[in-house]
Amino acid sequence: MTEDTREPEAAQATTPEQVPLALVSGKPLVDIPKDLYIPPDALAVFLEAFEGPLDLLLYLIRRQNMNILDIDVSEITRQYMDYIGAVEAMRFELAAEYLVMAATLAEIKSRMLLPRQESDDEEDIDPRAELIRRLQQYERFKKAAEDIDEIPRMERDTFAASAALPKLPSSQPHPDVDMKELLLALQGVLQRADLFTSHHVEKERLSTRERMSHILSVLQGDRFVTFESLFTLEEGRLGVVVTFLATLELVKEQLIEIVQAEVLGPIHVRARAAS
Amino acid sequence: MNEEHLARIQAIAEAALLAAGKPLSLEQLRELFGEDERPARQVMEHVLMMLEQSCEGRGFELRKVASGYRLQVREEFAPWVGRLFEEKPQRYSRALLETLALIAYRQPITRGEIEDIRGVTVSSNIIRTLLEREWVRVVGHRDVPGRPAMYATTRQFLDYFNLTGLDELPPLSEVRDLEEIGREIEQNMQGEIKFDSPDGSGASPDSEAESEAPESDQTLH
Amino acid sequence: MNEEHLARIQAIAEAALLAAGKPLSLEQLRELFGEDERPARQVMEHVLMMLEQSCEGRGFELRKVASGYRLQVREEFAPWVGRLFEEKPQRYSRALLETLALIAYRQPITRGEIEDIRGVTVSSNIIRTLLEREWVRVVGHRDVPGRPAMYATTRQFLDYFNLTGLDELPPLSEVRDLEEIGREIEQNMQGEIKFDSPDGSGASPDSEAESEAPESDQTLH
């Protein structure tokens, strides 16, 4: 029997000994007890099948073909209590939510037995209306969950299409640098080195420094270059001055040597490091 | 811009989408091209339309999802393609799907609010799974005691479910107004009390009219 | 076996190859089909030939490799596709920028001299990066023990910063003023804000509402 009883529906099919019928609301409720009869060892499985008291209530309501908005509270409460009672009797652990719902149902039922008071206590929300609201609310998201499950999704209904890669060019992009960043960096380092006060850097014309680099690159290797070839006449007087200053600076920094074999003879220049 | 040129852009777009294996936005596709050859947005859109058409009758199709465009296997071939993978596609529990549905439709929402609607505690496992799958993320904290995290769905969620936006989710069924329900219940209760409900059918004509039959067509598109 | 049937097998094979992300053997492809519908080897081979032809002019092609067949992005599109995988350029370190600035303003300069000014060692990585980027070059060696290389900036360096010559670099006096300029800018900005605020306060209810609203539709497209 145990195999047949994993689902409530299956339990019904086994038609075991009948629980005495109860006349509820005068309706002949023949099929309910069958539905209700669940072998003890299936109860845990049964409860696991529900997502909480609202889900269980919805199930009971649906079994009865009831409309949520028109619940027969006494009947639903009775069925609910039967389940809870059965589960408790078997000492299965029951989530607290189920007990809270049992209390709520009991309250609703007792209220309905009492004559209705015509109090305009607005705070006093009809607990049945509140229950219906929650059931409705829960049901719509239960449905939404089912809908989401139906939406075509990756790895089940479709798969990302990809193709193998050919040999790709290896390229490493260079970071961008803003001139401002460069200046801020320089400012930082100069402040640290306290170079502002020494005037060491400031005095120098950058064009001279640039020309120094240029001359050095011309003097690559162990070769002499004529002094005149360092000058470009097209640059005009200023250019000549810059080159001359650069040459002097290079000599001063002992980066180049100037050689003149005889008086008034050709002057040659060579990088000192190359010697 | 001539046909040949467009065809080339189309082939490059296809190549890139297949190389990526994930959605690429229109901008990402355009940025594959150097500045001097970069197609205008409209051109790119046109090319993608052509690409979509060129996939007709093939094993794959171009789909627009939240993050952009994706080439993917046509659904009709999933039964065959699924055999490639030994593992069955993962099934998700109702608890997880209900939690996901609440986050999707009610975002931003806290765990407590989800629990209120579902009537049960939401296990930390479910939240963790949703976060790990990157289907949901924390978008802030509600300014109430405990400052609970508020969850919302992500682009990845939309991508995974082939949606371009939340507005493509199936519509939620409607809920009746509480006051309206209250009035109705009052009537019904009076009916019940009066007849001690020998047949509760006294109230049924009304309520049947309001029957819960799917209020909104939950058609998928 | 009719045309339509073959086309279907072809689409399924294509779908599987695109979903697999690895080569599939002829057998693996045949095994996607149930026993009752499994195409014969020759049929499968024929289908693959058709598939190969159908990829002409597209972004991908069918390749036969040791372990079977695979769909691969065409090599001719590698330059474009490669951009997808370009790593995001990282930012240069402060140390690198300082080194570069010193080379620019103090060239020709050796690594030792840079270290003297900066007060810390200059890693070889920094020099290599600057050389690889072709912003600096070795213009000679100082005639001291070890004959250290002297570095200077290049034409590419000038081009990158839109300079025609080093003399267009901001003078050091300006560098010194940077801090002051920074303060000025800040003040100006505050002035602007102050100027704007009378209007801004009038619109605040709206703007506040706007600033809070977006939370919920962050995941909408």
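In this text, all values refer to a predicted model and were calculated from it rather than measured experimentally.
Residues that satisfy the side chain to side chain contact (heavy atoms under 4.5 Å, CB included) test with C/Thr129, not counting sequence neighbours, are C/Tyr92, C/Leu96. In terms of the salt bridge (charged side-chain N to carboxylate O under 4.0 Å, His left out) criterion, C/Glu168 has no residue partners (sequence neighbours excluded).
Using a 4.0 Å cut-off between a side-chain N of Lys or Arg and a carboxylate O of Asp or Glu, A/Glu139 and A/Lys142 do not qualify as a salt bridge. Between A/Asp149 and A/Arg156, at least one side-chain N (NZ, or NE/NH1/NH2) sits under 4.0 Å from a carboxylate O, which counts as a salt bridge. Taking the charged nitrogens against the carboxylate oxygens, C/Arg142 and C/Glu113 do have a contact shorter than 4.0 Å, which makes a salt bridge.
Between A/Thr247 and A/Phe227 there is a side-chain heavy-atom pair separated by less than 4.5 Å.
In this structure, chain A has no heavy atom under 4.5 Å from any part of C/Ala95. Both the backbone and the side chain of A/Asp176 have a heavy atom closer than 4.5 Å to some heavy atom of chain C. For C/Phe77, no part sits under 4.5 Å from any heavy atom of chain A, backbone or side chain. Within the 4.5 angstrom heavy-atom criterion, only side-chain atoms of C/Trp135, from C-beta onward, approach chain A. When heavy atoms are compared at a cutoff of 4.5 Å, C/Leu158 approaches chain A solely by way of its side chain, counted from C-beta outward. For C/Val138, the part sitting under 4.5 Å from any heavy atom of chain A is the backbone (N, CA, C, O) and nothing else.
With hydrogens and angles disregarded, a donor-acceptor distance shorter than 3.5 Å links the side chain of C/Tyr160 to the backbone of A/Val177.
Between chain A and the options C/Tyr151, C/Phe85, C/Phe161, the largest number of non-hydrogen pairs under 4.5 Å is found for C/Phe161. The candidate from C/Arg133, C/Arg137, C/Arg91 with the greatest count of non-hydrogen atom pairs under 4.5 Å with chain A is C/Arg133. Contact count against chain A (heavy-atom pairs under 4.5 Å) is highest for C/Leu166 among C/Leu166, C/Leu17, C/Thr153, C/Asn162. In terms of non-hydrogen atom pairs under 4.5 Å with chain A, the most contact-rich of C/Glu76, C/Arg63, C/Glu98, C/Lys22 is C/Glu98.
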